[in-house]
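Notes follow once the structure below has been shown.
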Amino acid sequence: MRYDLVIFDNDGVLVDSEPISNTILAAYLTELGHPTSYEESLRDYMGGAVHRVHDLVFERSGRRLPGDFDEEFHGRVFAAFERELQAMDGAVEVLEKLTSDGVAYCLASSGSHERIRVGHRKAGLDAWFAEKRVFSSQDVGRGKPAPDLFLYAAERMGVAPERCAVVEDSPLGVRAALAAGMDVYGFTAMTPAERLVGATELFSDLRELPSLLA
């Protein structure tokens with residue numbers, strides 16, 4: 001394989017959390033007086049950290065979200081994860097292949113460490129991601145589309161950015177990976193290909209990934 005490290009996004013790549021969390025986010029914002037459709041939530045917030053929600057709502061309305069917004073939103077999401085969340089089709093097979101080939105991998109997510117762990121326990125992926133392999137936007141000053149999170153993950157894993165491949169399904173994530181000087185493989189299972197402009201390669205089935213990385 002031509003890369004020394006594969007960096008996975010989490011939501012929508014390893015776990016099928018994007019439909020769940022964006023349905024809840026759209027409904028909660030609407031409940032708070034900021035009408036938002038599911039499609040708008042995907043467009044505006046998919047791949048971003050929760051501070052992006054605060055920033056865009058304030059920019060558009062001039063009003064701040066409630067002080068307990070994050071806690072309430074995450075509580076609703078975690079409850080839904082316990083009911084519905086699953087690993088993405090092919091995720092385990094890809095992780096097995098990377099492990100058998102001796103290729104290092106990790107995760108760099110806009111989600112909090114708690115969100116990642118809750119999701120992985122439910123989806124059965126926790127055994128694949130020891131703490132040293134998990135990086136969150138909580139660990140850096142700026143989330144995606146800034147390159148900070150991917151650069152931090154590469155540094156902690158001891159790999160130069162140009163030797164890293166990023167697997168992303170959001171425009172924000174693709175922009176972050178490119179800004180970090182990394183190749184990025186755009187996963188189009190949920191995201192229209194035209195929204196992942198700049199991706200090194202596009203693919204729609206995780207099982208395709210190992211051959212693309214070879």
Joint hydrophobic cluster, Tyr185 plus Val166, side-chain heavy atoms closer than 4.5 Å: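 Shared cluster, no.
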Minimum heavy-atom separation for [X] to [Y], with atom names?
{"X": "Arg2", "Y": "Leu212", "result": "NH1-O, 3.4 Å"}
{"X": "Val15", "Y": "Gly119", "result": "CG1-O, 4.5 Å"}
{"X": "Ala123", "Y": "Ala87", "result": "CB-N, 3.5 Å"}
{"X": "Ser204", "Y": "Ala189", "result": "O-CB, 4.0 Å"}
{"X": "Phe129", "Y": "Cys106", "result": "CE2-C, 4.0 Å"}
{"X": "Val134", "Y": "His113", "result": "O-CE1, 3.6 Å"}

Quick one, [X] and [Y] - any side-chain contact, counting heavy atoms below 4.5 Å?
{"X": "Asp4", "Y": "Met157", "result": "no"}
{"X": "Leu5", "Y": "Arg163", "result": "no"}
{"X": "Pro210", "Y": "Leu98", "result": "no"}
{"X": "Asp16", "Y": "Met88", "result": "yes"}
{"X": "Leu56", "Y": "Tyr45", "result": "yes"}
{"X": "Tyr28", "Y": "Val53", "result": "no"}
{"X": "Leu107", "Y": "Trp128", "result": "no"}
{"X": "Asp11", "Y": "Ile116", "result": "no"}

So, [X] side chain and [Y] main chain: donor-acceptor pair closer than 3.5 Å or not?
{"X": "Arg52", "Y": "Met46", "answer": "no"}
{"X": "Thr30", "Y": "Thr36", "answer": "yes"}
{"X": "Ser136", "Y": "Gly111", "answer": "yes"}
{"X": "Thr191", "Y": "Asp169", "answer": "yes"}
{"X": "Ser109", "Y": "Asp9", "answer": "no"}

Donor-acceptor pairs under 3.5 Å, side chain of residues 147-155 to any protein atom, not counting sequence neighbours: which ones?
residue : atom : partner : partner atom : Å
Asp148  : OD1  : Arg142  : NH2          : 3.0
Asp148  : OD2  : Arg142  : NE           : 3.3
Tyr152  : OH   : Arg156  : NH1          : 2.6

Acceptor/donor pairs from residues 61-69 side chains to any protein atom, 3.5 angstrom cut, sequence neighbours excluded:
residue : atom : partner : partner atom : Å
Ser61   : OG   : Val57   : O            : 2.7
Ser61   : OG   : Arg63   : N            : 3.1
Arg63   : NH2  : Gly33   : O            : 3.1

Distance check, rounded to the nearest 0.5 Å: [X] atom [atom1] versus [Y] atom [atom2]?
{"X": "Gln86", "Y": "Ile20", "atom1": "CD", "atom2": "CD1", "result": "8.5 Å"}
{"X": "Leu125", "Y": "His120", "atom1": "CG", "atom2": "NE2", "result": "5.0 Å"}
{"X": "Phe73", "Y": "Ile24", "atom1": "CZ", "atom2": "CD1", "result": "7.0 Å"}
{"X": "Leu29", "Y": "Ser41", "atom1": "CG", "atom2": "OG", "result": "7.0 Å"}
{"X": "Thr188", "Y": "Leu196", "atom1": "OG1", "atom2": "CG", "result": "7.5 Å"}
{"X": "Thr23", "Y": "Glu84", "atom1": "OG1", "atom2": "CD", "result": "8.5 Å"}

Under the ring pair (Phe, Tyr, Trp, His ring centres under 6.0 Å) test, residues paired with Phe78 that sit two or more places apart: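 If we apply the ring pair (Phe, Tyr, Trp, His ring centres under 6.0 Å) test to Phe78, skipping adjacent residues, the hits are His74.
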Ionic contact status for Arg76 with Glu72, cut-off 4.0 Å: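 Counted as a salt bridge, because a side-chain N and a carboxylate O are separated by less than 4.0 Å.
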Going by atom type alone, with no hydrogens or angles, which donor-acceptor pairs under 3.5 Å involve a side-chain atom of residues 170-184 and a protein atom two or more places apart or on another chain?
residue : atom : partner : partner atom : Å
Ser170  : OG   : Glu168  : OE1          : 3.3
Ser170  : OG   : Gly173  : N            : 2.9
Asp183  : OD2  : Tyr3    : OH           : 2.5

Residues, nucleotides or ligands: over 12 heavy atoms within 6.0 Å of Glu194 CD: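 Buried by this count: over 12 neighbours within 6.0 Å.
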Glu131 atom CD: more than 12 heavy-atom contacts under 6.0 Å: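 Atom CD in Glu131 is not crowded, with 12 or fewer foreign heavy atoms closer than 6.0 Å.
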Whether Phe8 and Tyr105 hold their rings parallel, tilted or perpendicular, with breakpoints at 30° and 60°: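 Rings of Phe8 and Tyr105: perpendicular, as their planes differ by over 60°.
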Salt bridge (Lys or Arg N to Asp or Glu O under 4.0 Å) partners of residues 85-111, not counting sequence neighbours, each pair once: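 Those involving residues 85-111 are Glu93-Arg207, Lys97-Asp101.
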Sequence-distant partners of Lys122, side chain to side chain donor-acceptor pair (under 3.5 Å), two or more places apart: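 Testing Lys122 for side chain to side chain donor-acceptor pair (under 3.5 Å), a comparison that skips the adjacent residues, returns none.
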Donor on one side chain, acceptor on other, Ser21 and Arg115, under 3.5 Å: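 Looking only at side-chain atoms, Arg115 and Ser21 do form a donor-acceptor pair, the distance falling under 3.5 Å.
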